Amino acid sequence: MRHAGRASHYRGCGDPFQGLWLLHHRLQAVGGQEACGRVLGRQEVQRLRRFLHGQETQEDRSGILTLGADRLREALQQVVDALGAAGTEVLLERPRDPTHGDLATSVALQLAKPLRKRPRELAETILDRLQVPAGLVSRTEVAGPGFINFWLAESALSDVLVRILTQGSAFGRSGTGTGRRVNVEFVSANPTGPLHVGHGRGAALGDAVASLLQATGHDVVREFYVNDAGLQIERLAASLWARVQQAVGREAELPEGGYHGLYLEELAQQILEAEGKQFADLPAEEGLERVRDIAVRTQRAEQDRDLAEFGVRFDAVFSESELYRGDELQQTLNELEARQLTYERDGAVWLRTSAFGDEKDRVLRKQDGSFTYFLPDLAYHRNKAGRGFDRAIDVWGADHHGYVPRMRAALTALGAADDFFHALIVQLVRVMRHGQEVRFSKRTGDFVTLRDLYQETGVDAARYFFLMRKGDAQFVFDIDLATKQSEENPVYYVQYAHTRMAGIFRTANVAPADVSADGADLSLLVEVLEQDLIKRLGELPVQVERAAEAMEPHRIIAYLEEIARLVNAWYHHHRVVGVGEGLERARLVLARAAQIVLANGLNLLGITAPERM
RNA sequence: GCGCCCGUAGCUCAGCUGGACAGAGCAUCGGCCUUCUAAGCCGAGGGUCCCAGGUUCGAGUCCUGGCGGGCGCACCA
């Protein structure tokens with residue numbers, strides 16, 4: 001096991017050009033439309049839709065609320081630059097404390113020293129000079145040591161809802177990574193046995209990271225690498241052959257370092273049933289070869305089945321044996337030699353990885369003339385680069401983290417860009433059941449398989465649990481908690497919020513997809529919970545970008561739990577159906593937006609968003 | 001011995017890449033189902049952010065040194 005875990009109803013403004021007027025103002029984010037409410041005409045919606053669509057690839061990245069924070073940031077930046085601090089980048093953040101506004105910046109604090117001014121005075125100066133895009137901000141203040149806080153105008157909020165409903169399942173996507181080709185390699189379990197819980201964590205993480213990268217515009221290939229050559233496979237074959245012999249009553253011993261798992265005994269039985277008892281009489285050499293092929297095929301098929309049931313699909317499966325067939329090992333070696341990066345010592349061929357940041361040089365070809373595992377791995381990653389990938393992301397188990405520096409060093413030696421190779425390290429999983437740790441070990445045959453796990457907990461629960469923690473944190477999987485179909489189980493919380501939105505549409509007798517902002521007066525959404533929820537819903541694209549950049553899916557889980565909490569609270573305190581036509585329309589829009597965000601987020605993680613539970 | 005990761009509430013873990021009083025879930029205690037699913041909502045208690053220095057206007061976050069836990073240090077894969 002190399003990679004272990006590897007609008008149109010008018011409200012009486014009487015202006016025949018209201019639609020255009022509104023549109024213009026919305027696009028310019030000029031305020032003053034309060035008197036006209038925020039009733040959207042159908043044309044307006046369509047034009048806004050086109051506008052939004054064209055903007056998709058140039059998303060703002062700084063802001064919390066998508067359709068405006070960026071302009072505010074730029075306005076601030078202009079003031080800062082004019083003050084003679086051009087090197088300082090203005091950052092807008094959402095304060096933790098809501099009494100500090102919707103957006104805040106600490107530039108005045110940062111600039112106080114270099115400009116030799118008092119932070120609060122500087123903040124006032126910045127505010128004086130700031131040309132706040134009107135219609136976006138309703139209030140500003142200087143607070144604390146010199147923070148500048150902004151409160152968003154209501155119109156900015158309804159823009160968020162329109163945007164979400166308009167984009168639908170595409171909401172959350174962006175184009176940050178457009179044009180970048182990324183290979184995400186994960187699981188990559190040896191075909192020597194069933195996938196275990198550690199592989200599950202790698203599978204959930206790799207798949208989610210791949211989805212995050214796709215959502216940000218990257219061109220992604222999910223790849224599975226099969227170590228179908230080498231010592232482990234020989235041991236597997238020898239183990240299976242021994243089991244075949246034992247199954248016909250002969251004395252046979254498993255090889256040293258062999259595989260003791262029950263699955264090989266079962267496979268031996270199946271082989272004999274299919275091939276007849278005389279199979280055991282084959283000459284050892286032929287028997288071993290037959291049994292090796294059967295073992296690898298069988299194990300791969302089972303792994304694929306388990307992964308498919310777990311909801312993971314690979315775009316490519318790459319076999320180590322392809323490298324041998326294509327002579328790529330030798331080519332890689334030749335290339336390294338040509339670059340004079342190798343030398344011979346003690347009868348072995350070494351690679352000067354230490355010249356590229358590794359702690360010591362590494363052997364490529366052993367004394368006995370055979371290659372180390374390092375060379376095929378190198379050749380494989382060279383192959384990835386050759387296939388045109390800009391980046392190669394590998395999900396590895398923590399037990400291989402020490403392998404990262406030499407891989408990076410070797411790839412640098414081969415001329416790869418610094419950011420070409422990136423290893424995502426996944427800590428091994430400990431499994432608890434009934435308060436006791438379940439040990440698993442492939443060799444002793446005593447372990448919890450991935451299949452056991454998802455059959456017991458369900459795929460959604462298993463994936464959720466794997467993803468709710470940072471990959472490189474040690475993690476205890478509590479089977480009892482994951483299995484509980486009750487409020488104690490965190491998996492259902494987010495799904496339930498989604499289900500409740502679906503319930504509203506059932507009661508209202510509308511198809512969710514038919515809910516539209518057209519004709520809805522979104523200014524009626526005045527409740528605190530509603531406004532908080534809207535602000536947070538608008539963050540999805542930013543959250544996805546950040547999670548993709550950090551390659552940390554657990555951030556999406558944390559965000560979704562926050563959304564679910566706001567949704568559940570809103571649901572509990574405010575009714576939608578039967579509260580009066582106008583308000584009901586507006587709230588249906590909000591419910592739909594919430595449903596979209598929850599569904600998009602869950603789908604990104606490979607978790608279903610059920611209509612009913 | 002060296003390297004990497006982790007150390008935050010009783011437990012499992014977040015903390016938006018240095019911001020304003022440190023959060024969630026579970027567990028504990030109290031309240032809420034004639035109304036869109038109570039798998040829910042509202043509230044309470046609970047903290048030396050491992051320790052000690054340092055950088056900074058500001059540190060859970062960055063630096064150094066300790067302590068504790070995991071993993072790794074092969075001509076094994």
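Every chain is numbered from 1, with letters handed out A, B, ... down the list of sequences. None of the values given here were measured: they were computed from a predicted structure.
For the C1' atoms, the distance linking B/A20 with B/G15 amounts to 15 Å, nearest Å. The gap from the P atom of B/G45 to that of B/G65 amounts to 41 Å, rounded to the nearest Å. Only the P atoms considered, B/C50 is 15 Å distant from B/C16, to the nearest whole Å. If you take atom C1' in B/A38 and the same atom in B/G31, they sit 14 Å apart, rounded to whole Å. Across B/G72 and B/G19, the matching P atoms stand 35 Å from one another, rounded to whole Å. Comparing the C1' positions of B/C32 and B/C49 gives an interatomic distance of 35 Å, to the nearest angstrom. With both ends at atom P, the span from B/U8 to B/G68 equals 16 Å, rounded to whole Å. Across B/G25 and B/G66, the matching C1' atoms stand 33 Å from one another, rounded to whole Å.
For the side chain to side chain contact (heavy atoms under 4.5 Å, CB included) test, residues two or more places apart in sequence or in another chain that qualify with A/S354 are A/D361.
Ring orientation note: the planes of A/Y225 and A/Y380 are close to parallel, at an angle under 30° on the 30°/60° scale.
Counting non-hydrogen atoms under 4.0 angstrom, A/R612 reaches a base of the nucleic acid. If you check every strand for non-hydrogen atoms under 4.0 Å, A/D346 touches a base. Nucleic acid contact class of A/Y571 (heavy atoms, under 4.0 Å, all strands): base. Nucleic acid contact class of A/A112 (heavy atoms, under 4.0 Å, all strands): none. A/H498 comes within 4.0 angstrom of no nucleic acid atom, judged by non-hydrogen atoms across all strands. The residue A/A104 sits close to a base: some heavy atom pair falls under 4.0 Å. Using a 4.0 Å heavy-atom criterion, one finds that A/E359 contacts the sugar-phosphate atoms exclusively. Using a 4.0 Å heavy-atom cutoff across all strands shown, A/R365 reaches no nucleic acid atom at all. Nucleic acid contact class of A/R500 (heavy atoms, under 4.0 Å, all strands): sugar-phosphate only.
Comparing A/F374 and A/K360 by the nucleotide of RNA chain B whose heavy atom lies nearest to each, the residue mapping closer to the 5' end is A/K360. Mapping A/R406 and A/F147 onto RNA chain B via the closest heavy atom, the residue that lands nearer the 5' end is A/F147.
Atom CG in A/L560 sits roughly 15 Å away from atom C1' in B/C16 (whole-Å rounding). Going from atom CG of A/L91 over to atom P of B/G18 covers 10 Å, rounded to whole Å. The CG-C1' distance, from A/L590 to B/C36, rounds to 14 Å in whole Å. Rounding to whole angstrom units, CD of residue A/Q110 and C1' of B/A20 are separated by 14 Å. Between the CD atom of A/E552 and the C1' atom of B/A14 there is a distance of 11 Å, given to the nearest Å. Residue A/D368 contributes atom CG, which lies 18 Å from atom P of B/A74 at whole-angstrom precision.
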**Message:** Between A/H381 and A/F421, does the ring pair (Phe, Tyr, Trp, His ring centres under 6.0 Å) criterion hold? Intermediate values first, please.
**Reply:** CA-CA 8 Å; A/H381 285 80; A/F421 174 72; 5.5 Å; yes

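Side-chain atoms of A/H401 and base atoms of B/C5 include no donor and acceptor less than 3.5 Å apart. If you check distances only, the side chain of A/N149 does reach the base of B/A20 with a donor-acceptor pair under 3.5 Å. You won't find any donor-acceptor pair under 3.5 Å spanning the side chain of A/Y492 and the base of B/A39, going by distance alone.
Taking the 5.5 Å centre cut-off and the 30° plane limit, the aromatic side chain of A/H100 is classed as stacked on B/A20.
Residue A/R345 places its CZ atom among more than 12 non-hydrogen atoms of other residues, nucleotides or ligands, all under 6.0 Å distant. A 6.0 Å sphere centred on CG of A/D368 holds more than 12 heavy atoms belonging to other residues, nucleotides or ligands.
Classification of A/R94 and A/D102 as a salt-bridged pair fails, no side-chain N sitting under 4.0 Å from a carboxylate O. Comment: A/R546 does not engage A/E552 in a salt bridge, judged by the lack of any side-chain N to carboxylate O separation of less than 4.0 angstrom.
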Let me check something: any side-chain donor-acceptor pairs from residues 107-118 of chain A under 3.5 Å, sequence neighbours excluded? List them with distances.
from, atom 1, to, atom 2, distance (Å)
A/Q110, NE2, A/S106, OG, 3.1

Could you list, one pair per line, each protein nitrogen or oxygen that sits under 3.5 Å from a nitrogen or oxygen of nucleotides 59-61 of chain B, together with the distance?
from, atom 1, to, atom 2, distance (Å)
B/G60, O6, A/R96, NH2, 2.8

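The side chain of A/K366 places an N or O atom within less than 4.0 Å of a non-bridging phosphate oxygen (OP1 or OP2) of B/A77. For A/Y493, a side-chain nitrogen or oxygen approaches OP1 or OP2 of B/C41 to under 4.0 Å.
Both the sub-6.0 Å distance and the 45° axial angle are not jointly satisfied by A/R469 relative to the ring of A/F477.
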